[in-house]
There are 2 protein chains.
Amino acid sequence: MPATPTTLTTLTTLDEATPAALHPVLRPLPPLTAAGARLLDAASELFYERGVRAVGVDLIADTAGTTKKTLYDRFGSKDALVALYLLRRAHRWREFLLARLADAPAAGPDRAGSPDGTRVLLVFDALEAWMGGQRRGCAFVNAYAELGGTDHPAVPVVRAEKAWMRALFDVLTGDAGLGAHVHLLYEGTLVVLTAGAGATAAVDARRAVEVALAG
Amino acid sequence: MPATPTTLTTLTTLDEATPAALHPVLRPLPPLTAAGARLLDAASELFYERGVRAVGVDLIADTAGTTKKTLYDRFGSKDALVALYLLRRAHRWREFLLARLADAPAAGPDRAGSPDGTRVLLVFDALEAWMGGQRRGCAFVNAYAELGGTDHPAVPVVRAEKAWMRALFDVLTGDAGLGAHVHLLYEGTLVVLTAGAGATAAVDARRAVEVALAG
DNA sequence: CTGCGAGTATACCGACCGGTGTGGTTACGT
DNA sequence: ACGTAACCACACCGGTCGGTATACTCGCAG
């Protein structure tokens with residue numbers, strides 16, 4: 001029984017998928033001052049590329065062209081900055097994804113025999129475009145790997161993001177079992193794209209999704 | 001094109017799955033002195049539970065009831081100790097898994113219509129037994145999350161482990177496409193078991209594997 | 001008896017960690 | 001003219017990081 005509420009599984013249509021209304025952890029982003037925005041930008045890139053614990057606040061402040069003082073005035077702590085980094089990334093990924101899905105024909109749920117290029121496959125297309133050949137994988141999985149055993153404020157953000165993706169696949173497929181199957185493929189694809197030895201993960205994933213939808 | 005050789009994909013029978021012969025990275029484990037074994041044991045638990053970067057060498061030496069001097073005399077560096085931790089874990093997981101598979105009927109490859117309880121499902125049973133309700137997930141994925149962007153000696157160990165699992169699924173299914181599908185489900189299951197919000201990952205995975213094998 | 005590998009104990013190193021404090025400079029709203 | 005929020009520069013804090021050095025004890029094989 002997770003600490004965060006799981007009202008997400010009641011999601012039934014894409015229109016309800018505005019994250020803030022669905023999950024208190026996925027609150028709207030706070031406004032940022034000029035230096036604050038530079039700090040969050042610098043921190044986001046450094047955190048993603050090198051890991052959360054490997055990046056110190058001095059480096060963040062220097063990269064942003066500002067000072068530690070300003071960092072702590074704006075964000076209060078490094079932990080809060082980490083949580084905000086993941087929160088903003090989750091928002092941006094959802095916007096990126098929903099914008100692509102909004103252009104889809106999107107009649108009924110995606111099942112066997114639906115028109116080619118189902119919305120589920122669009123998610124995997126979006127994932128590939130989002131990743132763009134990067135080798136650092138899923139920011140949420142990475143952060144959880146570093147912080148999972150703690151009560152760090154970023155942990156519930158990670159769980160909320162994963163729950164939202166699962167709920168999205170449930171909606172797109174109209175079937176909880178199928179949604180779970182595709183969600184497992186989605187998470188597996190992210191891992192193999194990153195730490196896998198072969199380069200065929202993307203095409204493997206597409207074929208697997210097609211098999212799952214046809215089953 | 002990964003730096004490590006990928007001769008693993010030529011694996012065709014389970015008998016060839018002795019890791020040392022297959023992949024130079026998965027070399028046999030070096031012998032350990034008494035204090036060395038205590039150090040590696042302590043380091044393994046601490047690394048897995050808290051993450052590689054979050055654990056200092058002082059803590060490892062104290063936990064093992066020895067000193068930093070001995071640690072550096074035996075292992076040379078923290079990086080080498082980390083790589084050895086993952087290497088030993090990979091060996092133990094493979095032994096655990098292959099022992100369970102050796103008891104299976106194991107006629108031909110697992111496909112649709114094969115006897116209930118295929119060997120592929122045995123892998124997922126073994127995974128669940130191996131994890132045993134832990135919430136810290138895959139040690140290799142976690143380590144890669146912390147070290148992936150570097151040239152740390154543990155990185156090739158992680159890639160070799162993932163490549164070996166992929167090759168194993170290819171052998172068990174007798175079909176590269178199907179092996180890829182099941183491997184994605186395997187990696188996804190590990191992630192969702194760990195960072196997922198719901199507790200149904202294990203049963204979801206079993207059902208998804210059955211669908212994949214039947215497809 | 002000697003040499004040596006293993007282990008213990010402890011002190012030390014420079015670098016970096018997250019976080020705070022002080023003081024001063026802009027720009028803006030009232 | 002005044003207060004205030006945002007920002008910068010810089011010094012400082014205790015603690016921890018990975019790694020090294022010195023000196024000593026023990027068991028064992030030649």
Side-chain angles (χ1 to χ4, degrees), chain A residues 29-86 142-143 145-147 149-155, chain B residues 29-86 142-143 145-147 149-155:
Chain A
L29 299 171
L32 294 172
T33 64
R38 264 151 45 216
L39 281 164
L40 183 55
D41 287 345
S44 296
E45 187 174 336
L46 289 167
F47 284 157
Y48 181 69
E49 218 63 42
R50 308 189 195 180
V52 163
R53 309 196 90 115
V55 174
V57 287
D58 299 85
L59 177 61
I60 295 169
D62 287 350
T63 306
T66 177
T67 64
K68 272 202 291 183
K69 179 67 164 54
T70 302
L71 190 156
Y72 279 91
D73 284 347
R74 294 294 137 254
F75 303 103
S77 70
K78 183 189 175 182
D79 285 354
L81 182 59
V82 170
L84 190 56
Y85 144 64
L86 291 174
N142 290 352
E146 295 189 78
L147 311 169
T150 72
D151 59 349
H152 194 285
V155 171
Chain B
L29 299 171
L32 293 173
T33 64
R38 265 152 45 216
L39 281 164
L40 183 54
D41 287 344
S44 297
E45 187 175 335
L46 289 168
F47 284 158
Y48 181 68
E49 217 62 43
R50 308 189 195 180
V52 164
R53 308 196 91 115
V55 173
V57 287
D58 298 86
L59 176 60
I60 295 169
D62 287 350
T63 305
T66 180
T67 64
K68 270 201 295 183
K69 177 68 160 58
T70 301
L71 189 156
Y72 279 91
D73 284 347
R74 294 295 136 252
F75 303 103
S77 70
K78 183 189 175 181
D79 286 354
L81 182 59
V82 170
L84 190 56
Y85 144 65
L86 290 174
N142 290 352
E146 295 189 77
L147 312 169
T150 71
D151 59 349
H152 194 286
V155 170

Legend entry - Rounded distance (Å) that lies between atom P of C:dC17 and atom CG of A:D79: 15 Å
Inset, instruction - Would you give the length of the straight line joining atom OG1 of B:T67 to atom CG of B:D73, rounded to the nearest 0.5 angstrom? - result: 7.5 Å
Inset, instruction - Just call it for A:R53: base, sugar-phosphate, or nothing, with non-hydrogen atoms closer than 4.0 Å on any strand. - result: nothing
Legend entry - Between CG on residue B:L40 and CG on residue B:L71, distance to nearest 0.5 Å: 10.0 Å
Legend entry - Phosphate OP1/OP2 of D:dC7: any A:T33 side-chain N/O under 4.0 Å: yes
Legend entry - Value in whole Å for how far the P atom of D:dT16 lies from NZ of B:K78: 15 Å
Legend entry - Between P of D:dG15 and CG of B:L59, the distance in whole Å: 17 Å
Inset, instruction - Would you give the length of the straight line joining atom CG of A:L84 to atom CG of A:L32, rounded to the nearest 0.5 angstrom? - result: 6.5 Å
Inset, instruction - Using a 4.0 Å heavy-atom cut-off across all strands, classify B:G76 as base, sugar-phosphate, or nothing. - result: nothing
Inset, instruction - Please state whether the phosphate of D:dC8, meaning OP1 or OP2, lies under 4.0 angstrom from any side-chain nitrogen or oxygen of A:T70. - result: yes
Legend entry - Under 3.5 Å donor-acceptor, B:E146 side chain and B:G51 backbone: no
Inset, instruction - Would you indicate, yes or no, if D:dC8 has its OP1 or OP2 atom less than 4.0 angstrom from a side-chain nitrogen or oxygen of A:K69? - result: no
Inset, instruction - Kindly indicate, with the supporting measurements, whether the criterion side-chain contact (heavy atoms from CB on, under 4.5 Å) is fulfilled by A:T70 and A:T33. - result: CA-CA 10 Å; A:T70 302; A:T33 64; 6.0 Å; no
Inset, instruction - Would you kindly give the CG-to-P distance between B:L32 and C:dG5, to the nearest whole Å? - result: 18 Å
Legend entry - Closest to side chain of B:A34, choosing from C:dG7, C:dA9, D:dA6: C:dG7
Legend entry - A:L39 CG - D:dA6 P separation (whole Å): 13 Å
Inset, instruction - Counting heavy atoms from C-beta on, name the nucleotide in C:dA9, D:dG18, C:dG18 closest to the side chain of A:V57. - result: C:dG18
Inset, instruction - Starting from C1' on C:dT20, measure out to CG on A:L71 and report it in whole angstrom. - result: 13 Å
Legend entry - Side chain of A:R74 (C-beta onward), nearest among D:dC8, C:dG18, D:dA6: D:dA6
Legend entry - Below 4.0 Å: OP1/OP2 of C:dG7 and any side-chain N or O of B:R38: no
Legend entry - Phosphate OP1/OP2 of C:dT8: any B:T66 side-chain N/O under 4.0 Å: yes
Legend entry - Atom-pair distance (CG on A:D73; C1' on C:dG21), nearest Å: 11 Å
Legend entry - Nucleotide of C:dT10, D:dC17, C:dC17 approaching A:D58 most closely (side-chain heavy atoms): C:dC17
Legend entry - Nearest-Å distance for atom pair CG/C1', residues A:D62 and C:dC16: 13 Å
